[in-house]
There are 2 protein chains.
Amino acid sequence: MKRRNTPTKEAVLEVLKTAGKAMSQDAIEQEIHMDINRATIYRVLNRFCEDGVLHRIVADDGKQYFALSDKNDNNKVSDNHFHFKCLACDTIECLPNEVSFTVPNAYSVAHMNCVLTGICKDCS
Amino acid sequence: MKRRNTPTKEAVLEVLKTAGKAMSQDAIEQEIHMDINRATIYRVLNRFCEDGVLHRIVADDGKQYFALSDKNDNNKVSDNHFHFKCLACDTIECLPNEVSFTVPNAYSVAHMNCVLTGICKDCS
DNA sequence: CTAACAAATGCGACACAATTGCATTAAAGA
DNA sequence: TCTTTAATGCAATTGTGTCGCATTTGTTAG
Ligand SMILES: [Mn+2]
Ligand SMILES: [Mn+2]
Ligand SMILES: [Zn+2]
Ligand SMILES: [Zn+2]
């Protein structure tokens, strides 16, 4: 079960670091200058999510997008921030703003997927 | 462009009213005791969303769920509340709690899709 | 009540995202 | 260098949602 270092892993991570925004599998594949199989990219992305290196955002198009995770002090993944999808430039990004919520009694929240849609700073 | 009343429309609405929670197309189809085509149900649901009768939630499984809209005073649809997906009973429901957010300067928000996941009151 | 128009439906095909089984390749430690 | 098994490529598969087109049916005008 120990993870191995592979060119694919590094390439995927590099693309996401450079982009600085959330990306889908096909967007990543386009940016990678290597011929890597679709399924492999998905597997790499899923493993990164399991390991807390990335986090997954599901947008209202039903597609999965992936972005780097900043782990906090406790090495715990935090997906507790809003995401923003721009209707103009079609970019999905992590906002710094935390999701603050209250839920009715006896509900407990394990994780969240919150996407705001509108016009981003670059397109306004 | 004027809408017509059909048995399908009424059946779909009835199912959603009775359920009192968000449902996917296939869940609705199972609950309807009529043989209605998949595409037709989708078209009915889409029309209801256009008309503000329903609103659409995209969960983190990438699927669309539909729930009744309470229109507010101005007859405007409000999807600005949290949704909750229970990991135990697999139910998706509208929470009464509003989504309050702040976004960085020059961002403008048109709509939102916020789903919290965890354990609901019935399952805790 | 009937005819005419167009909205709604059924059916099949399609598009697309994501996953899976299985044979093959290659990373890492001994 | 050898062994182990994680990672990959490929093809097939699953699943959701949409679309074109012929047909049906709700609505309204006459
Ligand atoms: Mn994020
Ligand atoms: Mn809702
Ligand atoms: Zn933008
Ligand atoms: Zn529950």
Side-chain angles (χ1 to χ4, degrees), chain A residues 1-16 22-67 83 85 90-92 113 115 117, chain B residues 1-16 22-67 83 85 90-92 113 115 117:
Chain A
M1 274 294 203
K2 186 138 163 294
R3 297 273 128 95
R4 294 175 180 178
N5 291 326
T6 67
T8 302
K9 278 180 66 170
E10 293 176 25
V12 167
L13 213 52
E14 186 55 35
V15 165
L16 281 168
M23 296 178 78
S24 63
Q25 176 278 323
D26 60 289
I28 293 169
E29 185 173 337
Q30 284 181 350
E31 286 300 312
I32 286 186
H33 302 303
M34 304 168 59
D35 194 34
I36 302 172
N37 187 265
R38 239 189 30 253
T40 301
I41 296 180
Y42 274 114
R43 280 186 281 227
V44 166
L45 291 168
N46 286 334
R47 267 177 264 144
F48 275 143
C49 285
E50 286 174 28
D51 298 346
V53 176
L54 301 181
H55 64 287
R56 187 190 321 261
I57 306 126
V58 177
D60 57 9
D61 58 3
K63 286 176 61 177
Q64 302 181 354
Y65 294 80
F66 301 87
H83 295 94
K85 177 185 174 186
D90 221 53
T91 291
I92 296 183
N113 185 70
V115 181
T117 304
Chain B
M1 276 293 203
K2 187 139 163 293
R3 296 274 127 96
R4 294 175 180 177
N5 291 326
T6 67
T8 303
K9 279 179 66 169
E10 293 176 27
V12 168
L13 213 51
E14 187 56 35
V15 166
L16 281 168
M23 296 178 78
S24 62
Q25 176 277 325
D26 61 288
I28 292 169
E29 186 173 336
Q30 283 182 348
E31 285 301 313
I32 286 186
H33 302 302
M34 305 168 60
D35 194 34
I36 302 171
N37 187 266
R38 224 158 42 95
T40 301
I41 296 181
Y42 273 115
R43 281 186 281 229
V44 166
L45 291 169
N46 286 334
R47 267 177 264 145
F48 274 144
C49 285
E50 286 173 28
D51 299 345
V53 177
L54 301 181
H55 65 288
R56 188 191 320 262
I57 305 126
V58 178
D60 57 8
D61 57 4
K63 286 176 62 177
Q64 302 181 353
Y65 294 80
F66 300 88
H83 296 95
K85 178 185 173 186
D90 221 53
T91 292
I92 296 184
N113 185 71
V115 181
T117 304

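Proteins get letters first, then strands, A, B, ... in listed order; numbering begins at 1 in each. FYI, side chains are in, hydrogens and waters are out, and symmetry mates aren't considered; it's all heavy atoms of this structure.
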Separation of D:dT16 atom P from B:D60 atom CG, nearest Å, is 15 Å
Between OH of B:Y65 and C1' of D:dG15 the distance, given in whole Å, is 12 Å
Counting only side-chain N and O atoms of B:T40, is one of them less than 4.0 Å from OP1 or OP2 of C:dG10? yes
Give B:T8 one of three labels, base, sugar-phosphate or nothing, depending on what nucleic acid heavy atoms sit under 4.0 Å from its own. sugar-phosphate
Between the main-chain N or O of A:K63 and the side-chain N or O of A:D61, is there a donor-acceptor pair closer than 3.5 Å? yes
Return yes if the base of D:dT5 and the side-chain atoms of A:R4 contain a donor-acceptor N/O pair under 3.5 Å, otherwise no. yes
Once you apply a heavy-atom cut-off of 4.0 Å, does A:Q25 come out as touching a base, just sugar-phosphate, or nothing? nothing
Considering all heavy atoms, the nearest A:I57-A:A67 contact: CD1-CB, 4.1 Å
Within the 4.0 Å heavy-atom criterion, would you say B:R47 contacts the bases, only the backbone, or no part of the nucleic acid? sugar-phosphate
With distance as the sole criterion, do the side chain of B:R38 and the base of D:dG17 form a donor-acceptor contact below 3.5 Å? yes
Least distance between heavy atoms, A:R56 atom then A:N113 atom: O-OD1, 4.2 Å
For a quick test of reading the model: is some side-chain N or O of A:T6 closer than 4.0 Å to OP1 or OP2 of D:dA6? no
Scan B:R3 against the nucleic acid and name what it touches under 4.0 Å (heavy atoms): base, sugar-phosphate only, or nothing. sugar-phosphate
Compare side-chain N and O positions of A:Y42 against OP1 and OP2 of C:dA18 and report whether any pair is under 4.0 Å apart. yes
Using heavy-atom distances to pick each residue's nearest nucleotide on DNA chain D, tell me which of B:N46 and A:K9 is more 5'. A:K9
Tightest non-hydrogen contact, residues A:S24 and A:D26, listed as OG-OD1, 2.9 Å
Tell me the interatomic distance from B:Q30, atom CD, to D:dG15, atom C1', rounded to whole angstroms. 14 Å
Could you tell me the separation between the CD atom of B:Q64 and the P atom of C:dC16, rounded to a whole number of Å? 16 Å
Residue mapping more 5' on DNA chain D - nearest nucleotide basis, A:D35 or B:N37: A:D35
On the side chain of B:R43, is there an atom forming a donor-acceptor pair with the base of D:dG17 - under 3.5 Å, no angle test? no
Measure the distance from CZ on A:F66 to C1' on C:dA17 and round it to the nearest whole Å. 11 Å
Kindly give the heavy-atom pair with the smallest separation between A:R38 and A:Q25, and that separation in Å. CG-NE2, 3.3 Å
What integer distance in Å separates B:F48:CZ from C:dA8:C1'? 12 Å
Just to confirm, is there a sub-4.0 Å distance from OP1 or OP2 of C:dC5 to any side-chain nitrogen or oxygen of B:K2? no
Starting from C1' on C:dA17, measure out to CD1 on A:I28 and report it in whole angstrom. 14 Å
Can you check the A:E50 CD to D:dA7 P distance for me, whole Å? 10 Å
Write down the atom of A:A59, the atom of A:Y65, and the distance for their closest heavy-atom approach. CB-CE1, 3.6 Å
